[in-house]
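Everything on this sheet refers to the single structure shown next.
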Amino acid sequence: QQQVKQSPQSLIVQKGGIPIINCAYENTAFDYFPWYQQFPGKGPALLIAIRPDVSEKKEGRFTISFNKSAKQFSLHIMDSQPGDSATYFCAASRGGTYKYIFGTGTRLKVLA
Amino acid sequence: NAGVTQTPKFRVLKTGQSMTLLCAQDMNHEYMYWYRQDPGMGLRLIHYSVGEGTTAKGEVPDGYNVSRLKKQNFLLGLESAAPSQTSVYFCASSDPTYNSPLHFGNGTRLTVT
């Protein structure tokens with residue numbers, strides 16, 4: 001019940017495409033869902049996050065869609081660029097615990 | 001402003017050897033964490049600390065020990081390394097405020113032969 005399932009494991013898109021990464025969770029007590037971006041040789045860094053009281057959040061070319069009833073959330077990258085090539089992790093946390101459960105990661109490659 | 005600094009960046013150990021991974025943060029964060037990252041497994045929490053002098057177990061604590069003697073430092077120890085501990089280790093820190101983001105270091109790549 002503590003797992004966060006992430007798919008796909010890897011993704012290749014052409015420049016300008018819209019890669020979509022999906023995550024699903026079981027624990028309805030989770031109330032915060034961040035996405036982290038990791039470049040090779042670096043630590044993950046917060047990209048965008050959402051709370052379950054909204055269905056969508058946009059920051060620049062990155063959008064999170066959230067479906068509370070299905071217990072799923074996804075990351076969309078609009079007009080993807082080669083510089084977006086990285087590993088993306090979804091995560092979930094339960095308020096007050098300050099501990100995050102991470103998905104298994106998606107390696108994205110955007111071709112020029 | 002360095003953020004979270006991890007040392008060393010790379011290390012190779014023989015089975016049974018011991019070592020300590022060092023993590024330092026200059027953001028005055030209360031919370032600190034140690035994660036390991038393995039292919040197909042994502043990031044798994046080893047131990048964490050909610051303040052100086054405190055530590056707690058995460059998802060995969062076996063074979064590791066930690067100490068938080070100073071607020072800015074969080075040490076991860078391997079007393080008797082095993083090949084299963086070959087991994088990339090990340091330290092992170094955060095504020096104690098609700099949903100405060102994690103700030104990660106750049107990792108330590110450890111190989112145990």
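By convention in this document, chain letters (A, B, ...) are assigned in the order of the sequence lines, proteins followed by strands, and residues within each chain are numbered from 1. These numbers come from a predicted model, not from an experiment.
- Counting non-hydrogen atoms of other residues, nucleotides and ligands closer than 6.0 Å to CD of A/Gln81 gives a total above 12.
- The environment of CZ in B/Arg109 is sparse: at most 12 heavy-atom neighbours from other residues, nucleotides or ligands sit within 6.0 Å.
- Residues A/Leu46 and B/Phe90 fall within the same hydrophobic cluster, defined by Ile, Leu, Val, Met, Phe, Trp and Tyr side chains chained together at heavy-atom separations under 4.5 Å.
- Atom CD of A/Glu56 is surrounded by more than 12 heavy atoms from other residues, nucleotides or ligands within 6.0 Å.
- Ring pair A/Phe102/B/Tyr35: centre-to-centre distance below 6.0 Å.
- Both B/Phe104 and A/Phe89 sit in one connected hydrophobic cluster of ILVMFWY residues. Membership requires side-chain heavy atoms under 4.5 Å apart, directly or through other members.
- Within the 4.5 angstrom heavy-atom criterion, atoms from both the backbone and the side chain of A/Pro44 approach chain B.
- In this structure, CG on B/Leu102 lies 12.5 Å from NZ on A/Lys99, to the nearest 0.5 angstrom.
- Judged by distance alone, with hydrogens and angles left aside, the side-chain atoms of B/Asn106 form no donor-acceptor pair with the main-chain N or O of A/Lys42 at under 3.5 Å.
- Separation of atoms OG1 (A/Thr104) and CD (B/Gln37) is listed at 11.0 Å; rounding is to 0.5 Å.
- Linking ILVMFWY residues whenever their side-chain heavy atoms come closer than 4.5 Å, directly or via other members, leaves A/Ile20 and A/Phe66 in distinct clusters.
- To the nearest 0.5 Å, atoms CG (B/Leu43) and OH (A/Tyr36) are separated by 10.0 Å.
- No part of B/Pro39 comes within reach of chain A, as not one of its non-hydrogen atoms sits under 4.5 angstrom from that chain.
- Of the two parts of A/Arg51, only the side chain, counted from C-beta on, holds a non-hydrogen atom closer than 4.5 Å to a non-hydrogen atom of chain B.
- Looking at A/Gln6, there are no atoms closer than 4.5 Å to chain B (heavy atoms on both sides), in backbone or side chain.
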